[in-house]
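Here the structure comes first, spelled out in structure tokens, and everything after it is commentary.
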Amino acid sequence: MRRRDFLVGAALLAGTMARSRAADIPAPSPDGLERITAYFNNEVGSGRLPGAVILVQQHGRPVYLKSFGVRDTRTGLAMTPDTIFAIHSMTKPITCLGAMMLIDEGKLALTDPVSKYIPLFADTKVGVEPDGTSKLQLEPPIRPVNIEDLLRQTSGISYDYIGAPWVMQVYKAADIFEGPFNNRQFADRIARLPLTRQPGTLWRYGHSTDVLGAIIEIISGQTLYEFLKQRILDPLGMSSTKFVLKTPEERARMARPLPSDLILLEGERDRLAHPEWESGGGGLLSTITDYERFSQMLLNGGAFEGRRYLSPAAFKAMTTDHVGPGSGVGRDYFYFPGDGFGYGYGIGVRTDPGNAKPPPAGSLGELKWDSGSGTYFGVDPKLDMVYLMMQQTQNERSRITPAFKALVYDCYPEGLRRP
């Protein structure tokens with residue numbers, strides 16, 4: 001066993017032991033929680049944020065749940081715990097859980113080539129960086145893109161705003177969002193694009209989880225929403241989590257960014273323009289109380305309220321780093337899990353303190369992910385805690401997200417704030 005795997009496994013085991021002796025874990029300090037309140041009151045009061053909902057939960061019970069500001073500055077409706085947010089990439093852990101359930105049942109395998117389900121991937125080539133004077137060259141992949149690549153973002157599939165200029169040019173020229181399309185059609189569009197790197201060689205954020213959503217549909221014979229609703233959302237009690245809001249009452253609960261948040265507003269227009277596309281990588285809408293139940297299930301090791309969603313072995317596989325030393329997976333500027341984090345199957349996992357001095361707040365073995373819309377969730381087995389932030393801001397998220405996490409951990413004694 002590699003030392004890195006041992007450290008993470010030990011941290012997760014320590015978290016399990018800690019839950020059994022919950023009385024030994026200090027509760028977040030009232031003064032620390034008040035600092036969270038003061039921070040978000042200031043963000044809203046200064047006009048940088050329309051509103052937010054914050055939840056800190058320990059030992060399965062909320063210790064802090066507070067709403068700030070308004071859902072929508074146009075209506076002035078107050079932010080509430082049942083406000084619905086576009087959670088963008090926080091869709092990915094849910095879709096990946098669905099895929100892991102199929103793997104757990106023997107209906108899907110990590111080593112399955114994607115072309116087994118999406119035949120066009122059999123002809124996918126890899127783009128070679130142009131030298132500035134020649135056209136883009138293509139070469140065959142060293143091996144087929146497989147299911148594990150989709151789960152851990154090592155397929156070579158990108159987004160149109162990430163990577164070298166040629167990557168962005170090729171993706172934009174393909175106009176992959178043109179007209180109506182479903183998951184299978186979108187996966188075919190992605191298969192016609194060159195991979196940005198050889199499979200398994202670089203962590204690259206992209207449409208991998210969207211392709212995975214199409215494969216879930218093919219195996220299950222259901223739409224992605226039907227599958228997630230039946231297998232995950234309904235059993236967990238996530239009744240407000242869906243791809244499309246269909247009633248005026250639901251739409252009135254939707255949070256909206258500030259008028260100055262042009263990138264996020266454009267993303268919302270794109271989402272509304274494609275109600276037929278159930279994006280497994282970024283299409284879900286949810287509430288903080290819904291996503292808390294998903295987070296608590298992860299904290300419980302894949303079980304919630306008497307129901308198990310993944311076997312212990314499958315849960316361990318999902319929450320173990322698969323892109324660290326010895327994996328052959330490289331990292332570059334666009335490695336979004338961040339300092340001290342590896343990446344499992346659809347989720348970031350803290351593997352080491354990181355390079356910053358002092359280390360960023362958190363614990364070894366913590367799980368987390370966030371989104372381009374500013375939402376964030378963390379799962380800390382050591383402190384038996386989940387913590388979530390729901391907001392809608394692209395402009396301010398890179399500043400607010402680390403501040404929020406630091407405020408949460410500053411609620412604990414100094415020795416528990418950092419790994």
Side-chain angles (χ1 to χ4, degrees), residues 32-56 64-81 83-93 159 161-162 205 253-272 281-288 291-292 295 333-341 348 356 360-362 368-378 386-411:
L33 295 175
E34 184 54 40
R35 288 192 290 270
I36 296 176
T37 299
Y39 179 86
F40 283 96
N41 276 337
N42 182 63
E43 291 298 314
V44 172
S46 63
R48 291 189 292 262
L49 198 62
V53 188
I54 307 298
L55 172 65
V56 180
Y64 183 91
L65 174 59
K66 195 169 183 65
S67 303
F68 301 86
V70 297
R71 298 171 180 169
D72 186 339
T73 57
R74 300 173 305 175
T75 65
L77 290 173
M79 193 70 80
T80 55
T83 298
I84 298 171
F85 296 81
I87 61 170
H88 290 217
S89 284
M90 274 171 49
T91 304
K92 289 179 172 69
Y159 282 130
Y161 56 88
I162 293 176
Y205 215 35
R253 291 163 52 198
M254 185 76 187
R256 183 179 174 86
L258 289 172
S260 59
D261 214 322
L262 300 180
I263 293 176
L264 199 51
L265 286 170
E266 181 181 0
E268 183 64 4
R269 285 191 293 271
D270 291 343
R271 183 185 70 80
L272 292 172
L284 280 175
L285 312 169
S286 192
T287 66
I288 200 164
Y291 214 94
E292 166 271 314
S295 304
Y333 173 80
F334 300 102
Y335 182 72
F336 295 141
D339 189 27
F341 279 85
K368 63 108 177 187
W369 208 239
D370 61 358
S371 79
S373 61
T375 60
Y376 182 95
F377 84 104
V386 301
Y387 55 104
L388 301 96
M389 173 175 63
M390 292 291 191
Q391 58 178 358
Q392 299 284 254
T393 176
Q394 167 70 25
N395 290 347
E396 305 292 341
R397 73 182 186 93
S398 62
R399 176 181 60 83
I400 292 176
T401 299
F404 164 63
K405 183 173 182 180
L407 284 165
V408 170
Y409 280 91
D410 280 351
C411 293

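By convention here, the first residue in the shown sequence is residue 1.
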Rounded distance [0.5 Å steps], CD in Glu34 versus CG in Leu407:
11.5 Å
Using 0.5 Å steps for rounding, measure from the CG atom of Leu285 to the OG1 atom of Thr91.
8.0 Å
Nearest-0.5 Å distance that lies between atom OH in Tyr376 and atom CD1 in Ile400
14.0 Å
Does Val408 reach the side chain of Ile36, with side-chain heavy atoms less than 4.5 Å apart?
yes
For Ala86 and Ser373 the tightest heavy-atom approach is O-OG, 2.6 Å
For a quick test of reading the model, state the closest non-hydrogen atom pair linking Ser286 to Tyr291 and the distance between them.
OG-N, 4.0 Å
Test of understanding: with side-chain contact (heavy atoms from CB on, under 4.5 Å), list the residues that count as partners of Pro402, not counting sequence neighbours.
none
Carefully, step by step, assess Arg253 and Leu77 under the rule side chain to side chain contact (heavy atoms under 4.5 Å, CB included).
CA-CA 9 Å; Arg253 291 163 52 198; Leu77 290 173; over 6 Å; no
Mind listing the closest non-hydrogen atom pair of Gly47 and Leu258 along with its distance?
O-CD1, 3.4 Å
Quick check with a 6.0 Å cut-off and a 45 degree axis cone: is Lys66 positioned over the face of Phe40's six-membered ring?
no
Using the ring-ring contact (aromatic ring centres under 6.0 Å, His included) criterion, which residues pair with Tyr64? Sequence neighbours excluded.
none
Between the main-chain N or O of Phe85 and the side-chain N or O of Gln392, is there a donor-acceptor pair closer than 3.5 Å?
no
So Phe404 and Tyr387, would you call those rings parallel, tilted or perpendicular, with 30° and 60° as cut-offs?
tilted
Rounding to 0.5 Å, atoms CD1 (Ile288) and CZ (Phe377) come to a distance of 12.5 Å
Spell out, as yes or no, whether a donor-acceptor pair under 3.5 Å connects the side chain of Gln394 to the backbone of Leu264.
no
Has the side chain of Asp339 got a donor or acceptor atom that lies under 3.5 Å from a matching backbone atom of Pro360?
no
Relative to the ring of Phe336, is the ring of Phe334 parallel (under 30°), tilted (30 to 60°) or perpendicular (over 60°)?
perpendicular
Short side-chain donor-acceptor distance under 3.5 Å, Tyr205 and Ser89:
yes
Under the 3.5 angstrom rule, does the side chain of Arg397 hit a backbone N or O of Ser371 as a donor-acceptor pair?
yes
Where do Tyr159 and Gly281 come nearest, in terms of heavy atoms and distance?
OH-O, 4.2 Å
Which side-chain hydrogen bond (donor to acceptor under 3.5 Å, both in side chains) pairs, counting each pair once, include a residue from residues 256-268, with sequence neighbours left out?
Asp261-Thr393, Glu268-Arg271
Return the minimal non-hydrogen interatomic distance between Gln391 and Thr375, and the atom names on each side.
O-CG2, 3.6 Å
Could you go through Met390 and Thr83, starting from their C-alpha distance and side-chain angles, then the distance that decides it, and tell me whether this counts as side chain to side chain contact (heavy atoms under 4.5 Å, CB included)?
CA-CA 9 Å; Met390 292 291 191; Thr83 298; over 6 Å; no
Just do the side chain to side chain contact (heavy atoms under 4.5 Å, CB included) check on Asn395 and Leu262 with the steps written out, would you?
CA-CA 9 Å; Asn395 290 347; Leu262 300 180; over 6 Å; no
Pairwise distance CD1(Ile54) to CG(Leu33) - rounded to 0.5 angstrom
11.5 Å
Just do the side chain to side chain contact (heavy atoms under 4.5 Å, CB included) check on Ser295 and Leu388 with the steps written out, would you?
CA-CA 9 Å; Ser295 304; Leu388 301 96; 3.8 Å; yes
Just checking, is any N or O donor in the side chain of Thr80 or Arg71 under 3.5 Å from an acceptor N or O on the other one?
yes
Could you state the interatomic distance from CD (Glu396) to OG1 (Thr401), rounded to the nearest 0.5 Å?
10.5 Å
Is there side-chain contact between Phe68 and Met79, with heavy atoms separated by less than 4.5 Å?
no
Can you name the nearest heavy-atom pair linking Cys411 to Gly32, along with the distance?
SG-C, 3.3 Å
